[in-house]
2 protein chains.
Amino acid sequence: MANLKQLSEKLGLSQTTISRALNGYPEVSEATRRRVIEAAREHDYEPNSSARRLATGKSRTIGHVVPISHHDMINPHFTDFIAGAGAVYNRRGYDMLISVVDSAQEAATYRALKRNGRVDGIIVHAPIVRDPRPAMLRKLGLPFVVHGRTLDDEASYAWVDVNNCRAFREATQHLIGLGHRRIALVNGLEHMAFAQRRREGYESALREAGIAVDGTLMSSDEMIEPAGYEAMRRFLALAEPPTAVLCASALSALGVMGAAREDNLLPGTGISIICYDDCLSFLDIGPDGMGLTVMRSAIREAGEHCASMLIDRIEGRQTAGRILLEAKLIEGRSTARCRPAPGRRAAHKAPATPG
Amino acid sequence: MANLKQLSEKLGLSQTTISRALNGYPEVSEATRRRVIEAAREHDYEPNSSARRLATGKSRTIGHVVPISHHDMINPHFTDFIAGAGAVYNRRGYDMLISVVDSAQEAATYRALKRNGRVDGIIVHAPIVRDPRPAMLRKLGLPFVVHGRTLDDEASYAWVDVNNCRAFREATQHLIGLGHRRIALVNGLEHMAFAQRRREGYESALREAGIAVDGTLMSSDEMIEPAGYEAMRRFLALAEPPTAVLCASALSALGVMGAAREDNLLPGTGISIICYDDCLSFLDIGPDGMGLTVMRSAIREAGEHCASMLIDRIEGRQTAGRILLEAKLIEGRSTARCRPAPGRRAAHKAPATPG
DNA sequence: TGCATTATCCAAAGCCCTTTGAGCGGGTGT
DNA sequence: ACACCCGCTCAAAGGGCTTTGGATAATGCA
């Protein structure tokens, strides 16, 4: 059974009644409703989605615009975020539209999505320090929720974020408490707002403890394995290398550990490592998995929150405009009391050795 | 400017003419077309997508149904596949619809997508050995392309796959050529067709070389880090552990190397490793990155092929019904000639030590 | 019994576009 | 001069749904 009309003829009811019965309106008797629902199931009828969209003016679709970086890379944390958001969309009857676009096209894509009504709302990913997107989307009149928040005007839009500043502050304090004073930070790209906040937390903890902030102990790059490796190589080549490292992502931690190992530094004995743990489903770095000490907050949950909040706003429901999640510090076996530096092995300049 | 009617009034032309001008039909003079296009840009007009879909009966949308496994996990290789497919969609004016559903809902989801016309076609992910989806989608009349192929009826539908059998055969032969005879396989889940083929390739190479296939040297699990770790622990606890390992994914390789390291086995010296490399953008395990010897075929390209092929079919264009990509063996520093087994260190039974 | 509700259901308008079938003026061929 | 075709444009008919504004029958109340 393809369409309403046919079903209405079969049932001897008007299209109106059927539509109402199916959509739960009260103007139809329960008996009729049951009859209609039964017939719909039997004849495998479901309203055509384009027609319904046209009639209602709602697309019941949420857009995610994913800019491809110069590396042709999609942020790997995206998968788990999507898993969370997607589950909510599914539950609440929304579709997820993903636009993979060149970074330069991002603004144009939002405009297009609005112009031709393909989406009811947008999730904004990876906000940078001063991000033009919130203002732009507001002007477009497209509902949106930001995953993360910008540094300048966080009060002016809805967001879901982790308290990154606090997380990195506490992690740093934890290391300081263990006696470490040479603490390195392998950060994400610092034009990203969250990375900025993480550094802020890290630096404030150092300052509080009277430890000078040392630029050579900080790196900022894509949060992927190779970047972590390179950063750690650099740290280890310093005259006075760090005894502890703070890592912004499980992926970079892999690289960091790889580089450390080349100098025979094992986490927990040779070097202390704390890593931010998004609970990537394909990589368990925490105590139950690879055993690292982590600051943990599941990115999948952030995805769920973003999706719920956005749908609530689209449907005009009341909602908290912002959610600040707290990461939890979970001790693993990668952190230990700082020991006086042993005789160091020379840092190889040779290319990476596997393992 | 919101809609066609308004624009037509403004221009003093009929809606027909404007529609045709914008859609490139020949019945409209070039002068008029230019005028219309100019006006459309100026007034920021673009046809409403729902209306257009309704009128044409096409959604210009491709669906990806992503079942969430029991681990609440989305296959991490998905990200890069999506990056490839998404770029093609974008270029050719299609939308990407992603449905994150419980595995049990998958079939129902396809039916629903078809029933209410939300998609013009489907990409089928991760086919299992005998997969009901091709037959089902064919019956539904929903165009589709399979990423990979089933074992039973690969001739009956369109697919894009890697020659997994050949890849693993060659990799195994390579190791045999280096003198290895105890070669382990850390495979993906073997109800997946591709994993089955990989094992086939591996076993056939062994048999050809007169090496007995040993079930204790094979594992089959999710292709993620923890699974690789566990598998390798098991291998290393054997009376006669492997001297070489074949790995189905970069993620499992991480786990494998982690476990190996705990026994002081380093890739290339203590143990030989060849890993299948999908070119995950966030993890470069190949010679230029972590240095492993790999069989390489970019999953992103598979995504591009799938997307192109599907769109071609939807639009009635002629197309090769199947594409078999060949993985390339690239030597890194993780493979070496087999040396007589040294005195082995005891395999710890303790829980994983980080590093 | 009579009037006002209430409970059900319906016809038709509207959402915005594409596409069919036609019309109209001007140029061509003969 | 006639018929014919071509190039350009248009009115109108869908496409399948939701929703407005009634209509009709059944019920409540006096």
Side-chain angles (χ1 to χ4, degrees), chain A residues 1-37 39-40 43-61 93 95 112-120 315, chain B residues 1-37 39-40 43-61 93 95 112-120 315:
Chain A
M1 179 78 48
N3 61 19
L4 224 198
K5 188 161 161 208
Q6 289 167 39
L7 186 61
S8 76
E9 283 163 1
K10 181 135 304 187
L11 281 172
L13 287 171
S14 76
Q15 302 187 25
T16 307
T17 303
I18 296 183
S19 171
R20 288 196 159 141
L22 257 24
N23 291 319
Y25 283 76
E27 298 92 335
V28 67
S29 74
E30 270 315 310
T32 306
R33 190 192 304 282
R34 266 198 301 279
R35 196 171 138 237
V36 169
I37 288 175
H43 294 76
D44 199 37
Y45 168 77
E46 187 158 326
N48 175 287
S49 126
S50 308
R52 167 178 254 176
R53 287 177 187 190
L54 179 57
T56 59
K58 311 246 144 257
S59 66
R60 290 192 79 86
T61 299
D95 283 342
L113 287 174
K114 166 67 180 183
R115 194 165 44 211
N116 56 31
R118 269 179 299 171
V119 301
D120 290 341
E315 297 182 348
Chain B
M1 178 79 49
N3 61 20
L4 225 199
K5 187 159 160 210
Q6 289 168 39
L7 187 61
S8 76
E9 282 162 3
K10 181 135 302 186
L11 281 173
L13 287 171
S14 76
Q15 301 187 26
T16 308
T17 303
I18 294 183
S19 172
R20 289 196 159 141
L22 257 24
N23 292 319
Y25 283 75
E27 297 92 335
V28 68
S29 74
E30 269 316 308
T32 305
R33 189 190 307 280
R34 267 198 301 278
R35 199 171 135 235
V36 169
I37 288 175
H43 295 77
D44 198 37
Y45 168 78
E46 188 158 325
N48 175 286
S49 126
S50 309
R52 168 179 253 174
R53 287 178 187 190
L54 179 56
T56 59
K58 312 244 145 255
S59 66
R60 289 192 79 87
T61 300
D95 284 342
L113 287 174
K114 166 66 180 185
R115 195 165 44 210
N116 56 29
R118 270 179 300 172
V119 303
D120 289 342
E315 297 181 347

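Proteins come first, then strands; the chains are lettered A, B, ... in the order of their sequence lines, and each starts at number 1.
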Do [X] and [Y] make a side-chain contact, defined as non-hydrogen atoms from C-beta onward lying under 4.5 Å apart?
{"X": "A:Thr61", "Y": "A:Asp120", "value": "no"}
{"X": "A:Thr17", "Y": "A:Val28", "value": "yes"}
{"X": "A:Arg53", "Y": "A:Arg60", "value": "no"}

Please classify the nucleic acid contact of [X] as base, sugar-phosphate, or nothing, using heavy-atom distances under 4.0 Å.
{"X": "B:Gly12", "result": "sugar-phosphate"}
{"X": "A:Ser50", "result": "nothing"}
{"X": "B:Ser19", "result": "base"}

Margin query: Whether the side chain of B:Thr16 and the base of C:dT19 hold a donor-acceptor pair under 3.5 Å is what I'd like checked.
Written below: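 Result: at least one qualifying N/O pair found.
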Side chain of [X] only, please: which of [options] is the nearest?
{"X": "B:Asn3", "options": "D:dG14, C:dC16, D:dC10", "answer": "C:dC16"}
{"X": "A:Thr32", "options": "D:dT19, C:dT8, D:dG15", "answer": "C:dT8"}
{"X": "B:Ser14", "options": "D:dG21, D:dC8, D:dC10", "answer": "D:dC10"}
{"X": "A:Asn48", "options": "D:dG16, D:dC8, D:dT19", "answer": "D:dG16"}

Taking only side-chain nitrogens and oxygens of [X], does any of them come within less than 4.0 Å of OP1 or OP2 of [N]?
{"X": "A:Ser29", "N": "C:dC9", "result": "yes"}
{"X": "A:Tyr25", "N": "C:dC9", "result": "no"}
{"X": "A:Asn23", "N": "D:dT18", "result": "yes"}
{"X": "B:Tyr45", "N": "C:dC17", "result": "yes"}

Checklist line | Between CD on residue A:Gln15 and CG on residue A:Asn3, distance to nearest 0.5 Å | finding: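 Rounded to the nearest 0.5 Å, the CD-CG separation comes out at 7.5 Å.
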May I have the distance from [X] (atom [atom1]) to [N] (atom [atom2]), rounded to whole angstrom?
{"X": "A:Arg20", "N": "C:dT8", "atom1": "CZ", "atom2": "C1'", "answer": "10 Å"}
{"X": "A:Gln15", "N": "C:dG14", "atom1": "CD", "atom2": "P", "answer": "17 Å"}
{"X": "A:Lys5", "N": "D:dG15", "atom1": "NZ", "atom2": "P", "answer": "7 Å"}
{"X": "B:Asn116", "N": "D:dT18", "atom1": "CG", "atom2": "P", "answer": "12 Å"}
{"X": "A:Leu4", "N": "C:dA12", "atom1": "CG", "atom2": "P", "answer": "16 Å"}
{"X": "B:Lys58", "N": "D:dG16", "atom1": "NZ", "atom2": "P", "answer": "13 Å"}
{"X": "B:Leu22", "N": "C:dT19", "atom1": "CG", "atom2": "C1'", "answer": "15 Å"}
{"X": "B:Leu13", "N": "D:dG7", "atom1": "CG", "atom2": "P", "answer": "19 Å"}

Next item on the list: Tell me which of B:Arg52 and B:Arg33 sits closer to the 5' end of DNA chain D, going by the nucleotide each one is nearest to.
Entry: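 Its nearest nucleotide being more 5', the pick is B:Arg33.
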Margin query: One thing to verify: whether B:Lys114 and A:Asp44 come together as a salt bridge, which I'm taking to mean a side-chain N less than 4.0 angstrom from a carboxylate O.
Written below: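 Salt bridge: no.
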Check: Does a salt bridge link A:Asp95 with B:Arg118, judged by any charged N lying under 4.0 Å from a carboxylate O?
Finding: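 Looking at A:Asp95 and B:Arg118, the cut-off is met.
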